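To start, the structure itself, in structure tokens.
Computed from heavy atoms alone, side chains included, the values below leave out hydrogens, waters and symmetry copies. What you see is a predicted model; the values in this text were computed from it and never measured.
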Amino acid sequence: MKELKNRVGFSDFAKRKIYYILLPLIIALVVFNVLIYAYFQSVFKQTIVAQKLSMAKEKVLALLQEANHTISKKFEQLIQYATDISNVIESMGLSAISNEEVLLKTIEPMLMKKPWEWDVGYFVIEPSGRCVISTRTKSIVGLDFSKIRVGETNYVTFIKSLMEHRGFAQGKLFEADERRLTFVVFTPLFQDYIFGTVFYFPKDFVEKYLLEFVRVDRYVLKQGVYTVSKEKLLDQFDDFPTDLKKTLLYEDFIIDMNVEFPEKGQTLYLWVRLSYIGILIHVFFWLAAFVLSALLVFLVNKSTFEFLSKELKTLKAMVSEFRNNLSISPSYDDSIIEEIADVQDALYDASSIISADVEELEAMNEELEENYRNIQRLSQEIRNAFFDFSEKLVDIVEGIEGETGQHVKRTKELVRLIVNEIEIDEEYKEKIVNFSPLHDIGKIYVPKEILLKPDKLTPEEFEEVKKHTIYAKRLLTHPYFAVALNIALYHHENYDGTGYPEGLKGEDIPLEARIVKIVDVYDALRSCRPYKRALSHEEAMKIILEGDGRVGPSHFDPKLLEIFKSKSEELIKLYENTDAERSE
């Protein structure tokens, strides 16, 4: 523990704290808050603008979806209505087209008898493309539609090409004068005139989706949605800003929204004016709160600093002595602080207890180490006993079937080749290798005359032989034989689920059984039996990898099979060595 500095008067102490600690800390906090403000402002504006843009897109898309749904329900009725009016105008002749009053009085009864709640208007475009009549939107009278481009062609040609194929053309429009969404049906008139019937959606159709953009919150001062021609979609929106603002207190953002409103190829603008006042207030509030708190803490500690410094120095010396010597000298008994006296008594008691405990722990540690060594030795003896017993059991089965000790050795070595390539616990590996020869232990309970029958087994005899997997449960009952039991019980299960006794599939088959499955089949193919010759390595691997009707690659775990296939040289060498030993 560091030594305490010499005590100083409060005046010097206060100056030191103010000039060297408090003032630099306040300056650092101011800089930190400015950086936090700049970072938070950046993150804040990105988040808010993204949220507003997402909301605007969502509302406009919902508006268009409802418009499309509404139109689709009335589509045929609207087309028929527009066709009927154009037929009436067609019957009037060219002279009536130039007279708006006559034309209006002629079709007015049909306009009044419309079978829906929508308002209806119309306009007429002469062959040159100029609009000559408009009942609702007077601003388009005289407008030359042929000067409006749609891709590579003009608007009039585009409409006429659509009418040639279907007899009509259609489209959604937003009329800026009335702030309303419309559905327009163009139908042909005589002498290449075009008649447009305009169906006006209800006045609140657009408003019910965008009205919440009029409402603002503490972070958004103003906002609005505008057409590509910068006309506001609602009367409640401010006019499209011509001069974008960016100050310390607020900032304007205008974002293009590619929502194809109301038709493909069109877009909208979103205007958002963010307010940073709340962020500034938040930052300066916490800055002021820190400064006031720091000053308050400084003043409160004034009256106790000098007194506590002396007593804390005493406490420091006591703790230092205990840490170095695990004991406390009697010179500290004159402490006048009750809590320090209690700590001193506790340190005295602790030093006595620690001294006694150290001696006891040292004795216990020696005893524990000896016990641990004995346990390790006994554990190894138990493992060796189980492995030795398993080999004695295998000798019994081999005696029945006439096998030699080479089979046991090969089985272990084949299994070891596979498990050494797998990342599993070492003790688990040891059990798989040493218990692998027990895979046919259940044959003890199969009648000997069936096992040694030189002829082909009958179906009933073969079913009895298959039961050797289940019979293994009679012997391998001890929990330590769990791996051995899995091997004996499931080593005839096929990876594709076609094996026995339970028809397990894939990794439901225990790993140890999947390993012994490959080894058992390979060794059976390589071994001589009364009913077959011993196959070469190449012949055995071909059957395992390609199949022969009884054995197929789908019977084996593909990952384990790849490992086994990679060990060809070791397999050939192993069987050459065991054959040499047998001949000797």
Side-chain angles (χ1 to χ4, degrees), residues 391 393-419 432-444 446-458 461-462 464-466 468-469 487-488 491-495 499-500 513-557 560-584:
E391 291 188 3
L393 291 177
V394 173
D395 289 343
I396 297 174
V397 177
E398 291 176 344
I400 295 174
E401 289 194 295
E403 273 285 2
T404 67
Q406 298 301 327
H407 172 66
V408 176
K409 180 179 180 181
R410 287 198 306 267
T411 300
K412 285 186 175 182
E413 291 303 319
L414 291 171
V415 170
R416 195 185 309 278
L417 288 175
I418 297 177
V419 298
I432 295 175
V433 171
N434 285 283
F435 289 147
S436 59
L438 289 175
H439 59 279
D440 285 335
I441 191 64
K443 288 184 178 179
I444 292 175
V446 177
K448 190 173 182 180
E449 58 272 14
I450 295 178
L451 291 177
L452 301 179
K453 183 178 179 180
D455 301 325
K456 183 178 180 180
L457 298 178
T458 65
E461 291 171 336
F462 183 63
E464 179 61 27
V465 172
K466 287 166 63 175
H468 78 277
T469 57
I487 292 172
H491 72 283
H492 282 293
E493 297 285 1
N494 292 334
Y495 199 76
Y500 66 88
R514 282 181 273 145
I515 294 172
V516 175
K517 168 72 177 181
I518 299 175
V519 169
D520 187 39
V521 172
Y522 178 80
D523 188 66
L525 293 172
R526 294 295 310 273
S527 301
C528 179
R529 294 288 187 268
Y531 50 84
K532 76 171 191 69
R533 67 179 178 86
L535 301 182
S536 67
H537 169 75
E538 291 74 15
E539 291 172 323
M541 290 304 296
K542 183 176 181 181
I543 291 174
I544 291 174
L545 297 176
E546 298 178 9
D548 65 349
R550 293 177 302 171
V551 177
S554 63
H555 293 177
F556 309 102
D557 184 326
L560 298 177
L561 191 56
E562 283 297 318
I563 295 174
F564 193 71
K565 187 169 66 173
S566 69
K567 300 295 181 180
S568 292
E569 294 185 5
E570 291 92 328
L571 297 176
I572 294 172
K573 188 174 181 180
L574 173 63
Y575 276 80
E576 288 176 351
N577 292 338
T578 54
D579 288 343
E581 292 176 7
R582 182 184 300 165
S583 62
E584 292 176 359

Are [X] and [Y] within salt-bridge range, i.e. N to O under 4.0 Å?
| X | Y | value |
| --- | --- | --- |
| Glu570 | Arg416 | no |
| Lys517 | Glu493 | no |
| Lys443 | Asp440 | yes |

| field | Close side-chain approach of Phe435 to Val516, heavy-atom, < 4.5 Å | value | no
Rounded to the nearest 0.5 Å, what's the gap from [atom1] on [X] to [atom2] on [Y]? Could you check?
| X | Y | atom1 | atom2 | value |
| --- | --- | --- | --- | --- |
| Leu525 | Arg533 | CG | CZ | 10.5 Å |
| Glu464 | Thr458 | CD | OG1 | 10.0 Å |
| Ile515 | Ile487 | CD1 | CD1 | 8.0 Å |
| Tyr575 | Ser527 | OH | OG | 5.5 Å |
| Arg526 | Asp523 | CZ | CG | 9.0 Å |
| Leu451 | His468 | CG | NE2 | 9.0 Å |

| task | Report yes or no: does Glu413 contribute a side-chain atom to a donor-acceptor pair with the main-chain N or O of Arg410 at less than 3.5 Å? | result | no
| request: For the pair Ser568 (side chain) and Lys565 (backbone), establish whether a donor and an acceptor sit closer than 3.5 Å, ignoring hydrogens and angles. | output: yes
Can you see which heavy atom on [X] is nearest to which on [Y], and at what distance?
| X | Y | result |
| --- | --- | --- |
| Thr411 | Val519 | O-CG1, 4.0 Å |
| Leu457 | Lys453 | CD2-CD, 3.7 Å |
| Leu417 | Ile563 | O-CG2, 4.4 Å |

| said: Go through it in stages, so that I can follow the logic: the residues are Ser436 and Lys412, the test is side-chain contact (heavy atoms from CB on, under 4.5 Å), and I'd like the CA-CA distance, side-chain angles, deciding distance and then a yes or no. | reply: CA-CA 6 Å; Ser436 59; Lys412 285 186 175 182; 4.2 Å; yes
| task | Using the test side chain to side chain donor-acceptor pair (under 3.5 Å), find all partners of Lys573 that sit at least two apart in sequence or belong to another chain. | result | none
| request: Return the set of residues passing side chain to side chain donor-acceptor pair (under 3.5 Å) with Asp520 (not counting sequence neighbours), or none when no residue passes. | output: His439
| message | Test of understanding: with ring-ring contact (aromatic ring centres under 6.0 Å, His included), list the residues that count as partners of Tyr500, not counting sequence neighbours. | response | His492
| note | Hits for ring-ring contact (aromatic ring centres under 6.0 Å, His included) against Phe564, two or more places apart or cross-chain, chain-then-number order -> Tyr522
Sequence neighbours left out, cut at 3.5 Å: what donor-acceptor pairs do the side chains of residues 540-557 make with other protein atoms?
residue: Asp548; atom: OD1; partner: Arg550; partner atom: N; Å: 3.0
residue: Asp548; atom: OD1; partner: Val551; partner atom: N; Å: 2.8
residue: Ser554; atom: OG; partner: Asp496; partner atom: OD2; Å: 2.8
residue: Asp557; atom: OD1; partner: Lys559; partner atom: N; Å: 3.0
residue: Asp557; atom: OD2; partner: Arg514; partner atom: NH1; Å: 2.5

| said: Going by the rule side chain to side chain contact (heavy atoms under 4.5 Å, CB included), which residues pair with Glu449 if we only count those two or more places apart in sequence or in a different chain? | reply: Pro447
